[in-house]
Amino acid sequence: MNTRSIRFRLTVWYAGLLAALLTLFGASVYFGLGRYLEWSLKDSLAKQAQHMTSTHLADVGLTGESYVVEEIREHYAPEINSRFVRITRSDGSVMYVSGVPQDGSFDPTGLPLPTMPSEADAREVHLPQGDGEVLLYTMHFTARDGSRFVVESGAPFDQIESVLHGLLLTLGLGLPVIVALSISGGYFVMRRALEPVDALTKSAERITSRNLNERLPIVATGDELERLSVSLNSMVARLDAAFTHIRRFSADASHELRTPLTVLRGELEGIAQDPQLTKEMREMIGSALEETERLAKIVESLLVISRLDAGEARMERARLDFAELAEATVEQLSLLAEDKSISLVSDTPEPVEVEGDRARLKQVVVNLVDNAIKYTPAGGRVEVKVTREDGHALLEVKDTGGGIPAEALPHIFERFYRVDKARSRAVGGTGLGLAIVKSICAAHGGQVKVESTENKGSRFVVQLPASSYVNAAQETVEAAITKNAKQSAED
Ligand code: ADP
């Protein structure tokens, strides 16, 4: 799980906030309910005491104490209702005290006698028997005959405590469950909400300078994501226009330079024919001609690259035997190798069919083999091999030359990049040969790679999609059938 992702961070924030709020809410409910239950118990005890005194104790002088006690037992039945009632005379003697409730919820035996309070009050009193507490409401009362009493009405406090305990348990179990459910729910919702962002990212990653005509999917949600995808698309459109403009410009510039260069070369060649020229003049014109030819080569190469890049180059797509093409090209370059006393060998054990432009694929072989010969000293060896592997045609050009320094390897397919400018110039290089190879390979849906060790040699591998054997075989069979059919018609 990516802990830096928006999804993760938002979920953590949201879960943290929710847990904090729920804890705050739980605590307020717990303490609020505690206070309310205590207040309500106090209220009910006070009402009971007041009712008892005004209804039964007020006329104790007339009815007699035993009648009052009977009335209290009958109407309030403290032992049955889990209540405590005690009436104490002003001399401190007890007129009535209730016993242990039937449910045994508390034992009031030994509860200290009250002092005569100035006014009614309610307090928590620890029970001498057991470890519970009772809430005791105490009031003083003067009967009509003037006799004074302290009336106490109590109820066990653990009634409130058990309610609060139940609430605490519910909150303690419920809160983590709610938080866990909201985390998973939030994570799921977030994942769904961010899915379009993933789709946008994947599509954006696919767009390179070669397929700027592609667009990102528009997320029709009417929200920020839709605006983002629309803005990104208009940015890609602007980039597309800028790239097209640059490519057209280089293609047009190289094209425009061709004619004046041809004219220049023709004129220089014409002047060079003049018999009246001095030796120095002839040498100068010869060198000017050489430079003009180099310039023409550069312009030609630039034109090829920019047309390939702009997708404007006319490519003849035909099925051809790449092995046979490489073999024939090597044959043509053998003189070049011989001149440098380099052994140039080719190994093309079987036909390898590819779909492509013959002239351009030949240029790939020429550029790579020409480089291998150029950068390999006399006595060296250059091997060319074409094989088929996993549905690909592989062209391998291996030499025993000076190799390429590791730091230069990532750059050698860049335009005008030369490891050793002076050396490349001396051997007639333009720094565009490998850039052309790369562009042609890309235009054929293939790629070129290089491995090289300094002072040991280099190995260039071109990988092109091979035409399937099945199709090739099918076509051969079809051609044979047509030929047979024609022949039998002629017969
Ligand atoms: P150039 O016209 O200079 O040969 P390329 O684009 O064909 O330009 O090659 C770029 C650079 O890569 C060359 O200048 C050379 O330094 C290096 N290079 C290419 N092929 C080889 C090779 N077979 N052995 C050593 N160096 C090579």
Side-chain angles (χ1 to χ4, degrees), residues 250 254 257 261 290-309 313 326 329-330 332-334 336-347 359-386 394-444 446-463:
S250 1
S254 337
L257 285 171
L261 272 174
E290 246 174 48
E291 288 305 310
T292 318
E293 253 151 38
R294 234 174 75 75
L295 201 56
K297 226 159 111 184
I298 293 177
V299 166
E300 269 318 310
S301 304
L302 268 183
L303 190 63
V304 171
I305 295 178
S306 42
R307 279 188 174 165
L308 279 168
D309 278 1
T329 313
V330 167
Q332 285 162 10
L333 292 170
S334 57
L336 210 66
E338 248 170 56
D339 280 352
K340 269 195 79 178
S341 316
I342 287 171
S343 83
L344 174 61
V345 288
S346 64
D347 177 13
R360 300 212 183 274
L361 290 178
K362 180 175 174 153
Q363 195 164 8
V364 168
V365 183
V366 169
N367 286 11
L368 291 179
V369 176
D370 182 49
N371 271 354
I373 296 171
K374 269 193 313 199
Y375 299 107
T376 301
R381 181 180 166 88
V382 174
E383 276 173 40
V384 179
K385 198 167 159 186
V386 178
L394 295 183
L395 162 73
E396 190 184 334
V397 179
K398 209 160 87 179
D399 64 56
T400 56
I404 302 161
E407 65 275 11
L409 275 180
H411 306 290
I412 56 164
F413 294 102
E414 288 169 14
R415 287 154 208 197
F416 295 114
Y417 183 86
R418 282 162 289 177
V419 179
D420 180 348
K421 277 205 173 117
R423 187 153 173 238
S424 160
R425 212 183 146 84
V427 289
T430 57
L432 288 169
L434 290 181
I436 292 181
V437 170
K438 192 178 168 194
S439 290
I440 296 177
C441 288
H444 282 82
Q447 54 177 334
V448 52
K449 287 184 191 154
V450 59
E451 290 163 14
S452 188
T453 318
E454 246 185 307
N455 301 322
K456 275 203 165 161
S458 314
R459 177 172 169 262
F460 285 83
V461 179
V462 166
Q463 191 190 58

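Note that the coordinates shown come from a computational prediction; the quantities given were computed from them, not determined experimentally. Indexing begins at 1, ligand by ligand and atom by atom, following the structure's order.
At a 3.5 angstrom cut-off on N or O pairs, I404 does not count as close to ligand 1. Considering backbone and side-chain N/O of K374, one or more are found under 3.5 Å from N/O of ligand 1. Considering backbone and side-chain atoms alike, Y375 places an N or O below 3.5 Å from some N or O of ligand 1. Between G429 and ligand 1, no N or O atom pair is found at a separation short of 3.5 Å. For a threshold of 3.5 Å applied to N or O pairs, the pair formed by I412 and ligand 1 contains no separation below that value.
In plain terms, the two heavy atoms of K340 and K374 that are nearest each other are NZ-O, 3.2 Å. Across all non-hydrogen atoms, the minimal contact from S458 to S452 is OG-OG, 2.9 Å. In terms of heavy atoms, I412 sits closest to Y417 at CA-CD2, 3.8 Å. Scanning all heavy atoms of the two residues, the minimum distance from V382 to A372 falls at CG1-CB, 3.8 Å. Nearest heavy atom pair, residue I440 against residue R360, reads CD1-O, 3.4 Å.
Taken from CD1 in I373 to CG in D399, the straight-line distance is 10.0 Å, to the nearest 0.5 Å.
Nearest protein heavy-atom contact of atom 3 (O) of ligand 1 is S424 OG, 2.6 Å. Nearest protein heavy-atom neighbour of atom 6 (O) of ligand 1: L434 N, 2.8 Å. Distance from atom 7 (O) of ligand 1 to its nearest protein heavy atom, with residue and atom name: N371 ND2, 2.8 Å. Looking only at protein heavy atoms, the nearest one to atom 8 (O) of ligand 1 is G431 CA, 3.2 Å. In terms of protein heavy-atom proximity, atom 11 (C) of ligand 1 is closest to Y417 O, 3.8 Å.
In summary, the atoms of ligand 1 found under 4.0 Å from a heavy atom of V419, numbered by their order in the structure, are 14 (O), 16 (O). Heavy-atom proximity to R418, at under 4.0 Å, picks out these atoms of ligand 1: 3 (O), 14 (O). Close approach to G433 involves these atoms of ligand 1, each under 4.0 Å from a residue heavy atom: 5 (P), 6 (O), 7 (O). Counting the atoms of ligand 1 from 1 in the order shown, those under 4.0 Å from a heavy atom of L432 are 6 (O), 8 (O). For ligand 1 and A372, the ligand atoms under 4.0 Å from any heavy atom of the residue are 23 (N).
Taking all heavy atoms of D420, L409, D399 into account, the minimum distance to atom 22 (C) of ligand 1 is reached by D399.
Panel note: side chain T400, backbone R381; a donor-acceptor pair is recorded below 3.5 Å.
The shortest heavy-atom distance from G402 to ligand 1 is not under 4.0 Å. Note on ligand 1: G403 sits in its first shell, one or more heavy atoms being nearer than 4.0 Å. At least one heavy atom of F460 lies less than 4.0 angstrom from ligand 1.
Annotation: K398, atom NZ; neighbour count of heavy atoms from other residues, nucleotides and ligands within 6.0 Å does not exceed 12. Annotation for K438: atom NZ does not count as buried by contact number, only 12 or fewer foreign heavy atoms lying within 6.0 Å.
By the 4.0 Å N-to-carboxylate-O rule, K385 lies too far from E383 to be salt-bridged with it.
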Taking it one step at a time, do F416 and I298 satisfy side chain to side chain contact (heavy atoms under 4.5 Å, CB included)? CA-CA 10 Å; F416 295 114; I298 293 177; 4.0 Å; yes
For the pair L361 and L395, evaluate side chain to side chain contact (heavy atoms under 4.5 Å, CB included) and give the outcome as yes or no after the intermediate values. CA-CA 11 Å; L361 290 178; L395 162 73; over 6 Å; no
